[in-house]
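One structure is given below, encoded as structure tokens.
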Amino acid sequence: MKKYYEILEVDKNASQEVIEKAYKTLAKKYHPDLKQGSMKQQYAEKMKIINEAYEVLSDNYKRAQYNEQLQREELQNQ
């Protein structure tokens, strides 16, 4: 399972405002249009992952489902 909180570099209890700010910061840092050459493809892949994480964590319903999955995974690994 992907670690969306780690991808966006936020705490699991982060507010929507913190998540949005983290997303915008990472989007500016990794946007592929700001790079040239071989780095552009790497940054495009990184942005796909960042966008996916933001899509889940910025939606309250998707975030709740994701948190439940994380919890189940943690219990299984104990």
Side-chain angles (χ1 to χ4, degrees):
M1 175 176 243
K2 293 182 181 173
K3 307 285 187 198
Y4 292 143
Y5 291 106
E6 289 178 18
I7 292 167
L8 292 183
E9 301 172 4
V10 295
D11 184 67
K12 288 181 181 179
N13 299 318
S15 67
Q16 291 297 329
E17 291 81 20
V18 170
I19 290 171
E20 185 174 348
K21 185 175 181 179
Y23 169 75
K24 288 180 179 180
T25 300
L26 291 171
K28 286 178 186 176
K29 183 176 179 180
Y30 291 107
H31 199 286
D33 290 345
L34 302 176
K35 301 297 173 192
Q36 296 183 12
S38 63
M39 293 297 290
K40 191 169 190 154
Q41 182 61 31
Q42 284 180 286
Y43 278 52
E45 292 300 318
K46 179 82 171 168
M47 275 307 300
K48 285 181 187 177
I49 295 168
I50 291 168
N51 286 332
E52 181 182 333
Y54 180 68
E55 182 182 332
V56 171
L57 297 183
S58 66
D59 181 289
N60 288 332
Y61 179 74
K62 290 179 184 178
R63 184 176 180 182
Q65 286 184 314
Y66 174 74
N67 286 338
E68 286 177 20
Q69 286 178 324
L70 270 182
Q71 222 171 13
R72 273 184 262 147
E73 190 176 281
E74 288 173 2
L75 290 174
Q76 288 175 349
N77 292 333
Q78 287 182 351

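These numbers come from a predicted model, not from an experiment. For the numbers below, each heavy atom of this structure counts, side chains included, while hydrogens, waters and symmetry mates do not.
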Neighbour count >12 (heavy atoms, 6.0 Å) for atom CD, Glu74 | yes
Atom of Pro32, atom of Lys40 and distance for their closest heavy-atom approach | O-CG, 3.4 Å
Side chain to side chain contact (heavy atoms under 4.5 Å, CB included) between Tyr5 and Leu70, intermediate numbers included = CA-CA 11 Å; Tyr5 291 106; Leu70 270 182; 4.0 Å; yes
NZ/Lys12 to CG/Leu57 distance, rounded to the nearest 0.5 angstrom?
-> 11.0 Å
Donor-acceptor pair between Gln69 and Glu73 side chains, under 3.5 angstrom = no
Taking only Lys NZ, Arg NE, NH1 and NH2, and the carboxylate oxygens of Asp or Glu, determine whether Lys24 and Glu17 approach each other closer than 4.0 Å.
-> no
Lys/Arg-Asp/Glu bridge criterion (N-O < 4.0 Å) met for Arg63, Glu68 = no
Where the side chain of Tyr66 meets the backbone of Tyr4, is there a donor-acceptor pair that is under 3.5 Å apart?
-> yes
Looking only at non-hydrogen atoms, find the nearest pair between Leu8 and Ala22 and report the distance.
-> O-CB, 3.3 Å
Interatomic spacing from CD1 in Ile49 to CG in Leu26 - rounded to 0.5 Å = 11.5 Å
Reported CD-to-CD1 distance for the pair Glu9 and Ile50, which is rounded to 0.5 angstrom | 8.0 Å
For Asn60 and Gln16, work out which heavy atoms get closest and say how close.
-> OD1-NE2, 3.1 Å
Classify the angle between the aromatic ring planes of Tyr23 and Tyr54 as parallel (below 30°), tilted (30 to 60°) or perpendicular (above 60°).
-> parallel
Decide side chain to side chain contact (heavy atoms under 4.5 Å, CB included) for Leu75 and Gln78; before the verdict, give the C-alpha distance in whole Å, the side-chain angles of both, and the deciding distance to 0.1 Å.
-> CA-CA 5 Å; Leu75 290 174; Gln78 287 182 351; 4.1 Å; yes
